[in-house]
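What follows is a short report on a single structure.
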Amino acid sequence: MSTIPILRLGAVKDVQRLKDHAQSLGLNLPCDGELLAGPASSLRWPLERGGFKFGNRIAVQPMEGWDALPDGNPSEYTMRRWQRFGKSGASLIWGGEAVAVSQEGRANPNQLVIAPHTFAGLANLRAALLQSHRETTGHDVPPLIGLQLTHSGRYCRPNAHDRSEPRILYHHPILDAKLGLSEDSSLLTDEQIAVIVEDFHRAARAARDLGFDFVDIKHCHGYLGHEFLSAHTRHGNYGESFENRTRFLREVVEGIRSIAPGLQIAVRLSAFDTVPFRPDPATSSPGKMGVGIPEPFAHLIPYRWGFGVNPLRPTEMDLCETRQFLALLEELEIRLVNLTAGSPYYNPHIQRPAFYPPSDGYQPPEDPLVGVVRQMEAVRLLKSQFPRLIIVGTAYSYLQDFLPHVAQAALREGWVDFIGLGRMVLSYPGLLLDASEGRPIQHRLVCRTFSDCTTAPRKGLPSGCYPLDEFYKVSDLAEKLKSAKARRS
Ligand SMILES: Cc1cc2nc3c(=O)[nH]c(=O)nc-3n(C[C@H](O)[C@H](O)[C@H](O)COP(=O)(O)O)c2cc1C
Ligand code: SF4
C-alpha cells in the first residue's frame, strides 16, 4: 500500500493545493491556476486533421448503462443517457456505449445489441443526442458520433446477470480461476472467430446505414478484441506472433472497408495493463475491503497473458507493442484512437481511478491521482510519437472540480487531442462546456468517484449516478440492492 495518505479531492477547495499534492507525490500534472473562457480556452480550440474537423476538444466516452430492454433495444433510461451525452456540447461522441454485435456477445442481458429489430431504436438514440446537442449549443454543427461495437468474450453474460458464459481465446492462469473455468473448458475456434468477424462487418454496415459517422472496434477492458492482443499462448492463426494477435482487427477492418465504404473506423485500446488485483486478506475484515494487491504472479514469469505489460515485471507497463499497434492503425488508415488502460473487472484502480472502490474491488493501493497521471503520461508519450493520430485521453473524472484546470493545461501543452469524459458525463455532462464558457462550475454535480455507477451493475441493476443525478435516488439504489440481496439468499 502507498505510504502516502490519500488526499480526498472532494474536500480540496484550492487548485494550488492539488498542485502541491501532485508535487508531493512526484507527479508531473499539467494544471492551470485559472480557467479561460471562449476562444482563449484550449477546450474550445478547433481541430482539423486527417480529413476530420472538430469544433472543440471535448469528447464523451462510451458509457453503458446496463439498462437496454431484454431484446437489445434502448429503454427510456438509455434514451435519457444519450440525450445527456448531447448536453455535453462535445464535438466527439465516442461510441455512446458498448453495443454487442450479437446476442451471445452481450456483457449482460441489458446491453444494447445491433440487429434488424433494434435498428430503429439505435437511430432514435442518435437522433435524440443530436437534438439535445443542438438545443445545448444553439448551432447546427453536429458532433462526430460513433458506435462502439463489441463482443464481450471472457465477460459474456448474455442471458442472466448472475450467469457468466465466457467465450475465451486462451486459458489465463489467474482469470480462469476467477471465472470458475477449468483447464478443459473450450476455447473459441478459428471457425467461431470467423463468424464473429462477420458479425462485426454486418454491424458496421448497419451503423453506417443508421447515420453513425464511425464505428469503434473495441480493443479494451478485457473484452474479446483486447483478449486477442494478449493471446501469446494460443496456437494457430490468432495467437503467438503480433501479426496473428492482430489478425482479428485486420480482418474486421478489411471487411468493413468492402461492405461499408465511407464509414470511418476507430479503435479504443487498453494501451497498457497490469496483473489482476485482489483485496489483501491481511487488511480485510468483515465489512471492510482490503487494500488492493496483485494476485501472486512470481511463478508466471515471463508473464505471457497481458498486452502493454512488461513480461519480466508485469506490474509495470511496456509500451513497445502498443506502439506497434498504433503503427498498424496508421497503416490501416485509422486515425481516431481512444486510449484507456486495464480492465474494470480485474484492476479497476488502473482503469477508473476512484476514491471509493466498487463493491467487487479493493481499497485503492495508491493515491488515485497516480492512476490518473499514469494514463495521462502514457497518452502524452504515445501522442508525441504518433502526431498524425487523433487521440482521446481517459480517466480524468477523479480530478473532480479541477478536471477543467487539468484538461485546459493538458490540451494547451499538447499532451492529448481530446479530453474524454467518462463518469463525469453521468453526473455533470456540461462540466467542460460550463468551464470553457466562463459559467460557474456546479460543484454539487461534480462526480466524486463514489463508484455506485459500477457497483449497481455488478449487482444486476441499471447503472447511473445514484448519488448525484436526481433521476436516480440513493434510496432507490439502497432499496434495490436490499431486494437483490434478498433474492439471492
Ligand atoms: C458505468 C460505466 C460504464 C462504462 N461503459 C463503458 C463502455 O460501454 N465502453 C467502454 O469502452 N468503456 C466504458 N466505461 C469506461 C469509461 O468509458 C472510462 O474509460 C472510465 O470510466 C474512466 O474514465 P473516467 O475517469 O472519466 O470515468 C464505463 C465506465 C463506467 C463507470
Ligand atoms: S455514481 Fe456518480 S459520483 Fe459515483 S462514480 Fe459514478 S458518476 Fe461519479
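Atoms within each ligand, like the ligands themselves, are counted from 1 in listed order. We're numbering straight along the sequence, starting at 1. Note that this is a predicted model, so its numbers are computed, not measured.
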Parallel, tilted or perpendicular: which fits the ring planes of [X] and [Y], with parallel below 30° and perpendicular above 60°?
X      : Y      : answer
Tyr472 : Tyr77  : tilted
Phe325 : Phe307 : perpendicular
Tyr362 : Phe277 : tilted

Interfacing atoms of ligand 1 (cut-off 4.0 Å, heavy-atom, [X]):
X      : value
Gln351 : 15 (C), 19 (O), 22 (C)
Ser463 : 1 (C)
Thr454 : 31 (C)
Gln61  : 17 (O)

Taking both backbone and side-chain atoms of Ser397, is any N or O found less than 3.5 Å from an N or O belonging to ligand 1? yes
Flag, side chain of Asn56 to backbone of Trp45, donor-acceptor distance under 3.5 Å: no
Treating Ser75 as the side-chain partner and Asp67 as the backbone partner, does any N or O pair qualify as donor plus acceptor under 3.5 Å?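 Confirmed, Ser75 side chain pairs with Asp67 backbone.
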Sequence neighbours left out, what pairs pass ring-ring contact (aromatic ring centres under 6.0 Å, His included) with at least one residue falling in residues 400-433?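 Of all non-adjacent pairs touching residues 400-433, those that pass ring-ring contact (aromatic ring centres under 6.0 Å, His included) are Phe54-Phe418, Phe402-His405.
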Could you pull out the N/O/S protein atoms under 2.8 Å of atom 8 (Fe) of ligand 2, ignoring any water?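 Short answer, with waters excluded from the count: Cys447 SG.
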Strictly by salt bridge (Lys or Arg N to Asp or Glu O under 4.0 Å), give each pair with a member in residues 207-229 just once, sequence neighbours left out. Arg154-Glu227
Heavy atom of Met424, distance to ligand 1 below 4.0 Å: no
Under the ring pair (Phe, Tyr, Trp, His ring centres under 6.0 Å) test, which residues partner Tyr155, sequence neighbours left out?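 Ring pair (Phe, Tyr, Trp, His ring centres under 6.0 Å) list for Tyr155, sorted by chain: Tyr345.
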